[in-house]
Asker: 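What follows is a single structure, and I will ask about it in a moment.
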Amino acid sequence: MTINLADPAALAASVQPPTRALIGGRSVESASGRTFATLDPATGRELAQVSECDATDVDRAVAAARSAFEEGPWGRMAPADRKLLLLRFASLVEAHTDELAIIETLEAGKPISDCSGIDVPDLVMTLRWHAEACDKLYDQLSPSGPGKVGMVVREPIGVVGAVLPWNYPLMMAGWKIGPILAAGNTCVLKPAEQTSMSTIRVAELAIEAGIPDGVLNVVPGFGETAGAAIGLHPDVDCVAFTGSTEVGRHFLRYSADSNLKEVLLECGGKSPVIVMADADDLDAAAAGICEGIFWNGGQNCSANSRLIVQHSVFDELMERIAERSRDWVVGDPLVPETTVGAMIEEAHLEKVLGHISDAREAGSTCAIGGNRVRQESGGWFVEPTVFTNVDPASRLAREEVFGPVLAVTTFDTPEEAIRLANDTDYGLAATIHTTDLRTAHLASRAIRAGTVAVNCYGEGDITTPFGGFKQSGFGGRDKSIAAHEQYTGLKTIWMEDRKSTRLNSSHTSI
Ligand code: NAD
């Protein structure tokens with residue numbers, strides 16, 4: 001299909017998103033027959049009823065994934081063959097870019113230009129990158145000496161559970177299933193309950209591409225039921241979670257209370273952006289700051305939500321931010337010019353508005369925005385918002401808002417800036433703007449964050465690991481070869497010819 005961007009209503013009507021679970025290669029209802037509503041965040045209206053999976057369905061999906069792992073061809077396939085299937089899968093996803101982008105826009109309230117221009121292409125690229133890695137990674141021989149052969153090999157872990165958030169449904173799915181499948185594992189994936197349909201459609205395409213039944217299973221449902229069942233399942237070998245720090249903690253407990261499955265957590269953030277007085281291009285800095293907080297309506301784990309600016313450039317930077325913030329247009333997500341879509345759900349809208357009213361009460365100054373907008377649409381929109389005079393101890397400076405709300409604080413010395421940047425429970429990302437090379441080096445080493453960007457807002461690319469220090473993450477990283485390797489287990493295969501070892505050691509002692 002081809003997107004007709006001129007007609008948003010026709011666009012929405014042009015897709016029929018799948019709503020049932022995908023288990024063992026088959027589209028199935030939940031065992032209970034129950035369904036739940038998926039709402040359109042831009043209108044508040046129901047889009048579809050989706051199968052509500054619970055522990056029984058997770059059992060079925062884990063059994064299918066186990067059988068595909070133990071008995072199916074996937075884990076035993078030559079890596080080059082696995083690569084070809086994954087590349088075919090990536091090409092099918094690419095061929096369905098428009099359809100997937102529309103489904104994601106409808107269920108997540110994200111701008112169609114982002115879904116079709118960033119999210120789906122990122123998924124395709126991630127699948128291709130990990131597919132290509134399949135047959136280019138070598139195992140190792142240990143340096144153990146003559147008569148001994150220590151082979152250090154990487155093997156797939158087995159059945160991997162993936163529990164995902166709603167903010168980048170397709171991108172996050174790619175960051176998990178790309179390396180999980182490329183490494184030869186099978187997967188049981190639970191999308192966020194707000195955004196199941198685009199992920200189910202991707203899994204259908206995997207089957208169409210020839211990926212064997214049971215390799216990729218999708219169980220839509222709620223966290224407390226389907227998510228917990230994956231975390232507690234005795235036959236899941238590893239769980240990869242992306243979501244809030246609060247829920248991440250549950251997965252460590254689930255593992256401890258079940259089978260000590262491996263746990264990989266990608267969690268929340270409260271990332272700082274520091275602007276030193278010597279930053280040479282305040283306009284570019286302002287553009288990056290606005291992108292860092294307003295992209296995806298601030299519903300971004302690595303949103304640069306704390307601006308820490310040197311006193312002497314505060315006024316000028318704030319003027320530039322006011323100008324640049326006008327590039328971030330709140331609107332109907334199906335309209336191509338829209339750059340800020342809706343908050344994901346009403347409860348989340350209320351949470352973001354609660355932070356805004358708390359910040360006002362705490363004495364911060366609302367310099368830009370600060371309101372719910374487009375209420376007449378029935379959707380859940382908040383305009384780009386900037387607070388100045390934010391006390392670093394206040395709620396706005398410390399808690400993840402997950403909305404388009406920037407907290408601005410000033411500093412005098414670089415040491416103070418780094419202290420403020422590190423004064424957080426999180427450690428996902430950070431940015432520093434400076435022309436001083438020494439400051440750039442010092443700050444990027446001193447800030448405790450998984451990614452530190454210098455003079456730009458950025459998260460690296462597929463070749464660089466992404467994840468957090470402190471309470472932003474645990475156990476691993478998304479993207480890069482690091483992600484691929486974390487879905488494998490190290491095995492030592494030891495062979496020793498005792499006779500030649502003895503000969504060799506007597507020779508050595510001469
Ligand atoms: P969330 O933690 O509420 O939910 C994430 C997933 O966990 C969902 O699938 C949900 O159903 C499930 N879940 C909820 N409660 C559960 C429970 N008790 N047991 C098992 N599973 C449960 O997060 P969210 O609101 O979907 O996403 C926003 C959060 O995700 C933010 O904190 C954001 O920073 C984080 N995030 C992090 C990254 C990263 O790479 N670090 C990327 C995207 C989002």
Side-chain angles (χ1 to χ4, degrees), residues 36 38 41 50 52-55 58 107-108 110 119 122 126 161-176 188-196 199 218-233 236 239-255 257-258 261 263-271 295-305 343-345 347-349 351-352 399-403 424-429 449-451 459-460 464-480 483:
F36 63 95
T38 291
V50 173
E52 183 186 332
C53 292
D54 59 20
V58 169
E107 66 185 3
K110 291 163 64 84
D119 295 53
D122 187 277
T126 303
V163 179
L164 299 186
W166 44 260
N167 59 340
Y168 296 96
L170 292 176
M171 221 191 265
M172 295 302 104
W175 289 11
K176 301 300 185 208
V188 175
L189 189 158
K190 191 198 89 62
E193 50 273 31
Q194 298 85 349
T195 56
S196 323
T199 311
V218 181
V219 282
F222 293 103
E224 295 74 9
T225 46
I230 291 174
L232 286 163
H233 205 288
V236 169
V239 68
F241 166 80
T242 296
S244 61
T245 297
E246 187 196 348
V247 175
R249 288 180 210 283
H250 287 305
F251 279 92
L252 291 171
R253 292 191 198 104
Y254 296 152
S255 170
D257 291 346
S258 54
K261 59 178 65 62
V263 178
L264 307 165
L265 305 178
E266 298 295 346
C267 300
K270 191 73 195 177
S271 300
W295 178 41
N296 213 36
Q299 300 170 120
N300 176 8
C301 55
S302 61
N304 281 189
S305 51
M343 300 292 97
I344 187 71
E345 59 190 1
H348 188 57
L349 169 82
K351 180 186 154 195
V352 173
E399 291 181 19
E400 186 181 44
V401 176
F402 227 54
T424 169
D425 293 335
Y426 296 107
L428 189 55
T451 301
E459 297 176 350
T464 58
F466 181 79
F469 288 17
K470 302 202 273 186
Q471 293 182 32
S472 286
F474 178 90
R477 291 288 184 265
D478 280 329
K479 305 198 300 180
S480 83

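Sequential numbering from 1 along the given sequence is applied to the chain's residues. Start at 1 and go down the list; that is how both ligands and their atoms are numbered.
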Asker: For residues Y254 and V239, determine if any side-chain heavy atom of one lies less than 4.5 Å from a side-chain heavy atom of the other.
Answerer: no
Asker: Tabulate distances under 3.5 Å between N/O atoms of ligand 1 and N/O atoms of the protein, writing both atom names on each line.
Answerer:
unit_1	atom_1	unit_2	atom_2	d
ligand 1	2 (O)	S244	N	2.8
ligand 1	2 (O)	S244	OG	2.6
ligand 1	9 (O)	L164	O	2.7
ligand 1	9 (O)	K190	NZ	3.1
ligand 1	11 (O)	K190	NZ	2.9
ligand 1	11 (O)	E193	OE1	2.6
ligand 1	11 (O)	G223	N	3.3
ligand 1	18 (N)	Y254	OH	3.3
ligand 1	19 (N)	G223	O	3.3
ligand 1	19 (N)	Y254	OH	2.7
ligand 1	21 (N)	G223	O	3.4
ligand 1	23 (O)	S244	N	3.4
ligand 1	25 (O)	W166	NE1	2.8
ligand 1	26 (O)	W166	NE1	3.1
ligand 1	30 (O)	G243	O	3.4
ligand 1	32 (O)	E400	OE1	2.7
ligand 1	34 (O)	E400	OE2	2.6
ligand 1	41 (N)	C267	N	3.4
ligand 1	41 (N)	C267	O	2.8

Asker: Classify the angle between the aromatic ring planes of F466 and W175 as parallel (below 30°), tilted (30 to 60°) or perpendicular (above 60°).
Answerer: perpendicular
Asker: Are K110 and E107 within salt-bridge range, i.e. N to O under 4.0 Å?
Answerer: no
Asker: List the atom of T199, the atom of L170, and the distance in Å for their closest heavy-atom pair.
Answerer: N-CD2, 4.3 Å
Asker: Side chains of S302 and E459: is there a donor and an acceptor less than 3.5 Å apart?
Answerer: yes
Asker: Ring-plane angle category for F36 and F222, please: parallel below 30°, perpendicular beyond 60°, tilted otherwise.
Answerer: tilted
